[in-house]
*Asks:* 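To start, I am sharing the structure in question, which I have written as structure tokens.
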Amino acid sequence: MRFAKSLIPTLREDPADAEAISHRLMVRAGLVRQLAAGIYVYLPLGQRVLDKITAIVREEMNAIGGQEVTLPVLHPAEIWQQSGRWDAIGDEMFRLKDRNGRDMCLGMTHEEVVAWLAAREIRSYRDLPQIWYQIQTKERDEARPRSGVLRTREFLMKDSYTLDLDVAALDRAYAAHKAAYCTIFDRCGVRYLVVESDPGMMGGLGSHEFMAPSAAGEDEVAVCRACGYAANVELARSVPAPPPPATEARVEVATPNAKTIAEVSALLGLEPRRTVKSLLYVAAKAGPVLALVRGDHTLHERKLARLLGEEVRPAHPDEVRGALGAGLGSIGPVGVTVPVVADEALRAGRWVVGANRDGYHLRGVSAGVDFECRFADLHAAVAGEGCPECGAPLAVERVIEIGNIFKLGTKYSVPLGAMVLDEAGKERPIVMGSYGIGPARIAAAAVEQSHDADGIIWPWAIAPFHAHLVLVGARDQAQADAAEAIYRSLWAAGIETLFDDRDERPGVKFKDADLVGLPVRVTVGTALAKGGVVEVRSRRTRAELRVPPGGVVAAVREVAGPG
RNA sequence: CGGGGUGUGGCGCAGCCCGGUAGCGCACCUGCUUUGGGAGCAGGGGGCCGGAGGUUCAAAUCCUCUCACCCCGACCA
């Protein structure tokens, strides 16, 4: 591709509305432009990156027996009503009516359509297993699009669905996907972790997420470097260090104006980990519940919601007073009538808790003695706590979710009637799995993980082109002729090359080459006239070879390194 | 949905507090010079100052409402 006639609008300055590194660089390098919040145009270079990624995805999905299909973007409400998600999903689904007033929606995922299709076309256990996949646009009215291409309202997604007769077969399909995903991300050149995840509203039998470490990530994972335990913090277990043993008797103490853990512990001269944080939540169906975590811990709302099996929200101040008779900052579990759930860390020990009397706390309180409660893992894992598997200290990292895999079970096949007859002639619901990959997130993660002050440094496999051919003296006929010949020889050798044939000053071309970040730069300039050589340089290491024009192809391969 | 911020030529910004009819850098067009890390000089084109009301002799500037976008949080199937 020739730069002079291409749409590669590079920007000298950072766009004002971009914060994340990948966002800034993808806009500056001319890969994408924003049309509206969370809605992006992919320009030629950006499109080529997506094409590279989706080509890898296709190869690996085909390799495990995937069959590519295209499912509609526009769905009738009926199938979503059948699965129950028409009501379960709120504002995040784009809804509309057709001219006849029928309810429709835009597809945010395709379990319903797959189950619908399976219900019609799959009848016998002999038809199983099936793996169907598509690479197609998804629409989700995100509450808050952000970080450029990382969280958008319209995005490309590879989604696949497995259909099996039983859970054992699902486990095999799931394992095949897990392995294929690792191959895909390895080939794309991104670093990632495979972590246990919360199946959330997808429901089902288990799930994993593929997470690319990056400061721009929205999720956090807890990782054990000793044994390999890794989980989303939404679900990660961890073993906090216990506070020193205490034997003090229960006593009420005045704590005027001390409302926060920090204030109470300072007033009493105690470490925060000797106190208990009491939080009143309201569950949608079960009503108020008092959740307890240690003073130095943070309650993870997803963990509470998962424990209760329904969504929760913090209680309003007047609800707190109504249920417990005291204001925020003075509440505790002793003598209350609402159900109490306590974090595992509170099983043993004596604690400082709110007295349910404004301005007072209780010291020396024990779970099971002074109040009754259910124990569960409720606190968010933090770095340094013990690994639940081996006890080594956990690390917590920010990550970008680039893929996920879910064992769905029969959650969609039953309501949509996707049944088969088994060998015994008995009707059974198909056991499903669903699996997603976000190509744009892979691209953004690659940029986040691989860039420098001058621009992007693309991994070879997903770079929009492999080589950036810079013609320094566009008006020097000898240089121009040599560059043309090199351009043809590179393409002939299978090295995809962007030829900067613009009549620009060298500095502009070099800056743009660094910004766009193709793995190898080939410079045709004055060195050609002086020494008969051109320069072949690695974007990543900046190592440079000077070779005669005939040696460029070999030099590009050498400089690019393995892969 | 809560909190914070920003909207002024294509991009990045100043002007707003203290009202007087819009400016800078880059980009763009023409000419000359220049050509290995975002060139110089000269000339030139381009702006409903996000939108709607209001105050005023006069509004980018003050007031009210509204829209859009960004950031933090909530949410994230």
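Throughout, a chain's letter reflects where its sequence line sits, starting with A, and its residues are numbered from 1.
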*Asks:* Do A:R294 and A:D343 sit within salt-bridge range, that is, some charged N less than 4.0 Å from a carboxylate O?
*Replies:*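 Result for this pair is no, no salt bridge flagged.
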
*Asks:* Rounded to whole angstrom, note down the P distance from B:U6 over to B:C63.
*Replies:*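 That atom pair is separated by 14 Å.
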
*Asks:* Could you work out the separation of B:U8 and B:A59 based on their C1' atoms and round it to a whole Å?
*Replies:*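 Looking at atom C1' only, B:U8 and B:A59 are 14 Å apart.
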
*Asks:* If we call it a pair only when both distances are under 3.5 Å in a Watson-Crick or G-U wobble match, what pairs with B:G36?
*Replies:*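 None - no nucleotide pairs with B:G36, as no candidate has both distances under 3.5 Å.
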
*Asks:* Across the strands shown, which category fits A:E218 at heavy-atom distances under 4.0 angstrom: base, sugar-phosphate, nothing?
*Replies:*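 No contact at all - A:E218 keeps every heavy atom at 4.0 Å or more from the nucleic acid.
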
*Asks:* To the nearest Å, how far apart are A:E142 CD and B:C69 P?
*Replies:*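 Distance, rounded to whole Å: 14 Å.
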
*Asks:* Please identify each residue that fulfils side chain to side chain donor-acceptor pair (under 3.5 Å) with A:T70, with sequence neighbours left out.
*Replies:*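 Side chain to side chain donor-acceptor pair (under 3.5 Å) check on A:T70 returns nothing, list empty.
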
*Asks:* Could you check if a side-chain atom of A:M211 sits within less than 4.5 angstrom of a side-chain atom of A:E401, using non-hydrogen atoms only?
*Replies:*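 Sidechains of A:E401 and A:M211: in contact.
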
*Asks:* Any heavy-atom pair between the side chains of A:T526 and A:V472 that's under 4.5 Å?
*Replies:*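 Contact flag for A:V472/A:T526 side chains = no.
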
*Asks:* Quick one: list whatever passes side chain to side chain donor-acceptor pair (under 3.5 Å) with A:H110, sequence neighbours left out.
*Replies:*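 Testing A:H110 for side chain to side chain donor-acceptor pair (under 3.5 Å), a comparison that skips the adjacent residues, returns A:H75, A:Q134, A:K138.
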
*Asks:* Main chain of A:S450, side chain of A:R540: is a donor-acceptor contact present, judged purely on distance under 3.5 Å?
*Replies:*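 Side chain of A:R540 to backbone of A:S450: no pair is present.
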
*Asks:* For RNA chain B, what residues of residues 25-38 of chain A have any heavy atom nearer than 4.0 Å?
*Replies:*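 Within residues 25-38 of chain A, the residues near RNA chain B are A:R28, A:Q34, A:A36, A:A37.
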
*Asks:* Which atom names give the shortest non-hydrogen contact between A:I135 and A:E68, and what distance separates them?
*Replies:*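 Closest pair (atom of A:I135, atom of A:E68, distance): N-OE2, 4.3 Å.
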
*Asks:* Enumerate the ring pair (Phe, Tyr, Trp, His ring centres under 6.0 Å) contacts for residues 519-544 of chain A, please, sequence neighbours excluded, ordered by first and then second residue.
*Replies:*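 Qualifying pairs: none.
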
*Asks:* Specify the residues of residues 511-521 of chain A, ordered by number, for which at least one heavy atom lies under 4.0 angstrom from an atom of RNA chain B.
*Replies:*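 By residue number: A:K511, A:D512, A:D514, A:R521.
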
*Asks:* For B:C1 and B:C62, measure between their C1' atoms and round to the nearest Å.
*Replies:*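 Pairwise C1' distance, B:C1 against B:C62, rounds to 32 Å.
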
*Asks:* Rounded to the Å, how far apart are A:L471 CG and B:U35 P?
*Replies:*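 Whole-Å distance recorded here is 16 Å.
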
*Asks:* Between B:G7 and B:G51, how many Å separate the two C1' atoms, rounded to a whole number?
*Replies:*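 Those two atoms are separated by 11 Å.
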
*Asks:* Separation of A:D500 atom CG from B:G36 atom P, in whole Å?
*Replies:*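 Spelled out: CG on A:D500 to P on B:G36 is 15 Å.
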
*Asks:* Does B:C18 have a Watson-Crick or wobble partner in any strand here, with both distances under 3.5 angstrom, and which is it?
*Replies:*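 Partner of B:C18: none.
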
*Asks:* Quick one: look up who B:C24 pairs with, Watson-Crick or G-U, both distances under 3.5 Å, and put none if it's unpaired.
*Replies:*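 Checking every strand shown, B:C24 finds its partner in B:G12, with both distances under 3.5 Å.
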
*Asks:* Do NZ/NE/NH1/NH2 and the carboxylate oxygens of A:K97 and A:D103 come within less than 4.0 Å?
*Replies:*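 Result for this pair is yes, salt bridge flagged.
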
*Asks:* Report, one pair per line, the protein and nucleotides 7-14 of chain B atoms (nitrogen or oxygen only) whose separation is under 3.5 Å.
*Replies:*
residue : atom : partner : partner atom : Å
B:G12   : OP1  : A:A16   : N            : 3.0
B:G12   : O2'  : A:E13   : OE2          : 3.2

*Asks:* Round to the nearest Å and state the distance from A:E220 atom CD to B:C72 atom C1'.
*Replies:*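 Whole-Å distance recorded here is 14 Å.
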
*Asks:* Quick one: which of A:Y192, A:Y174, A:F210 gives a ring-ring contact (aromatic ring centres under 6.0 Å, His included) with A:Y181?
*Replies:*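 That would be A:F210.
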
*Asks:* Just how far, in rounded Å, is P of B:C28 from CZ of A:R502?
*Replies:*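 Going from CZ in A:R502 over to P in B:C28 covers 10 Å.
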
*Asks:* Take atom CZ of A:R12 and atom C1' of B:C28, then tell me their distance rounded to the nearest Å.
*Replies:*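 Distance check: A:R12 CZ to B:C28 C1' gives 13 Å.
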
*Asks:* Starting at the 5' end of RNA chain B, which residue's closest nucleotide do you reach first, A:D454 or A:W80?
*Replies:*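 Result of the comparison: A:D454.
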
*Asks:* Can you pull every protein N or O that's under 3.5 Å from an N or O on nucleotides 44-52 of chain B?
*Replies:*
none

*Asks:* Between B:C65 and B:G5, how far is it from one P atom to the other, in whole Å?
*Replies:*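 The answer is 16 Å between these two P atoms.
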
*Asks:* Let me spell it out: for each of A:E301 and A:A18, pick the nucleotide of RNA chain B with the closest heavy atom. Which residue's pick is nearer the 5' end?
*Replies:*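 This one resolves to A:A18.
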
*Asks:* Please give the nucleotide sitting opposite B:U6 as a Watson-Crick or G-U wobble pair, both distances under 3.5 Å, or none.
*Replies:*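 When the pairing criteria are applied, B:A68 turns out to be the nucleotide that pairs with B:U6.
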
*Asks:* It should be established whether A:R144 places a side-chain nitrogen or oxygen under 4.0 Å from OP1 or OP2 of nucleotide B:C72.
*Replies:*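 For B:C72, OP1 or OP2 has a side-chain N or O of A:R144 closer than 4.0 Å.
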
*Asks:* Do any of residues 522-539 of chain A sit with a heavy atom less than 4.0 Å from RNA chain B, and if so which?
*Replies:*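 Here the set is A:T523, A:G525, A:T526, A:A527, A:E535, A:R537.
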
*Asks:* Flag the pair A:K407 / A:D171 as yes when at least one side-chain heavy-atom distance between them is below 4.5 Å, and no otherwise.
*Replies:*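 Heavy-atom side-chain distance check passes, below 4.5 Å.
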
*Asks:* Using whole Å, what does the distance between atom P of nucleotide B:A74 and atom CZ of A:R313 come to?
*Replies:*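 Checked: the CZ to P distance equals 17 Å.
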
*Asks:* Quick one: do A:R539 and A:D452 make a salt bridge, cutoff under 4.0 Å?
*Replies:*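 A:D452 and A:R539: salt-bridged.
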
*Asks:* May I ask which nucleotide in the shown strands pairs with B:C1, Watson-Crick or G-U wobble, both distances under 3.5 Å?
*Replies:*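 Partner of B:C1: B:G73.
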
*Asks:* With a 3.5 Å cut-off and sequence neighbours excluded, list the donor-acceptor pairs that the side chains of residues 3-12 of chain A form with protein atoms.
*Replies:*
residue : atom : partner : partner atom : Å
A:S6    : OG   : A:R2    : O            : 2.4
A:T10   : OG1  : A:D512  : OD1          : 3.0
A:T10   : OG1  : A:D512  : OD2          : 3.3

*Asks:* Is the closest basic N to carboxylate O distance between A:R144 and A:E218 below 4.0 Å?
*Replies:*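 A salt bridge is absent here (no side-chain N lies under 4.0 Å from a carboxylate O).
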
*Asks:* For A:T162 and A:H177, does a side-chain donor sit closer than 3.5 Å to a side-chain acceptor?
*Replies:*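 Checked: A:T162/A:H177 side chains show no N/O donor-acceptor pair below 3.5 Å.
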
*Asks:* With distance as the sole test, does A:E234 use its side chain to make a donor-acceptor pair with the main-chain N or O of A:R302 at under 3.5 Å?
*Replies:*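 Judged by distance alone, no pair lies under 3.5 Å.
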
*Asks:* Distance check, P atoms only: B:G19 and B:C69, in whole angstrom units.
*Replies:*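 Looking at atom P only, B:G19 and B:C69 are 33 Å apart.
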
*Asks:* Listing request: all ring pair (Phe, Tyr, Trp, His ring centres under 6.0 Å) pairs with a residue in residues 284-313 of chain A, at least two apart in sequence or in separate chains.
*Replies:*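 For residues 284-313 of chain A: A:H297-A:H379.
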
*Asks:* Pairing check on B:C41: which nucleotide meets the Watson-Crick or G-U wobble criteria with it, both distances under 3.5 Å?
*Replies:*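 Its partner is B:G31 (Watson-Crick or G-U wobble, both distances under 3.5 Å).
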
*Asks:* Taking all non-hydrogen atoms of both residues into account, name the closest pair between A:A467 and A:L518 and its distance.
*Replies:*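 Looks like O-CD1, 3.4 Å.
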
*Asks:* Who pairs with A:S22 by side chain to side chain donor-acceptor pair (under 3.5 Å), at least two apart in sequence or on another chain?
*Replies:*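 With neighbours one apart ignored, the set is A:E448.
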
*Asks:* Can A:K411 and A:E111 be counted as an ion pair, charged N to O under 4.0 angstrom?
*Replies:*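 A:E111 and A:K411: not salt-bridged.
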
*Asks:* Might you point out which heavy atoms bring A:E301 and A:P314 nearest each other, and give the distance in Å?
*Replies:*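 In this case the closest contact between A:E301 and A:P314 is OE2-CG, 3.9 Å.
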
*Asks:* Across all strands shown, which nucleotide pairs with B:G47 by Watson-Crick or G-U wobble geometry, both distances under 3.5 Å?
*Replies:*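 The answer is none; no pair meets the criterion.
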
*Asks:* Look at all strands and tell whether A:S147 reaches a base, only sugar-phosphate, or nothing, counting heavy atoms closer than 4.0 Å.
*Replies:*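 The residue A:S147 makes sugar-phosphate contact but no base contact.
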
*Asks:* Are there any protein N/O atoms within less than 3.5 Å of an N/O atom in nucleotides 31-34 of chain B, and if so, which ones and at what distance?
*Replies:*
residue : atom : partner : partner atom : Å
B:U34   : O2   : A:R505  : NH1          : 2.6
B:U34   : O4   : A:R475  : NH1          : 3.3

*Asks:* Using whole Å, report how far CD1 of A:I39 lies from C1' of B:C69.
*Replies:*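 Taking atom C1' of B:C69 as the reference, CD1 of A:I39 is at 12 Å.
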
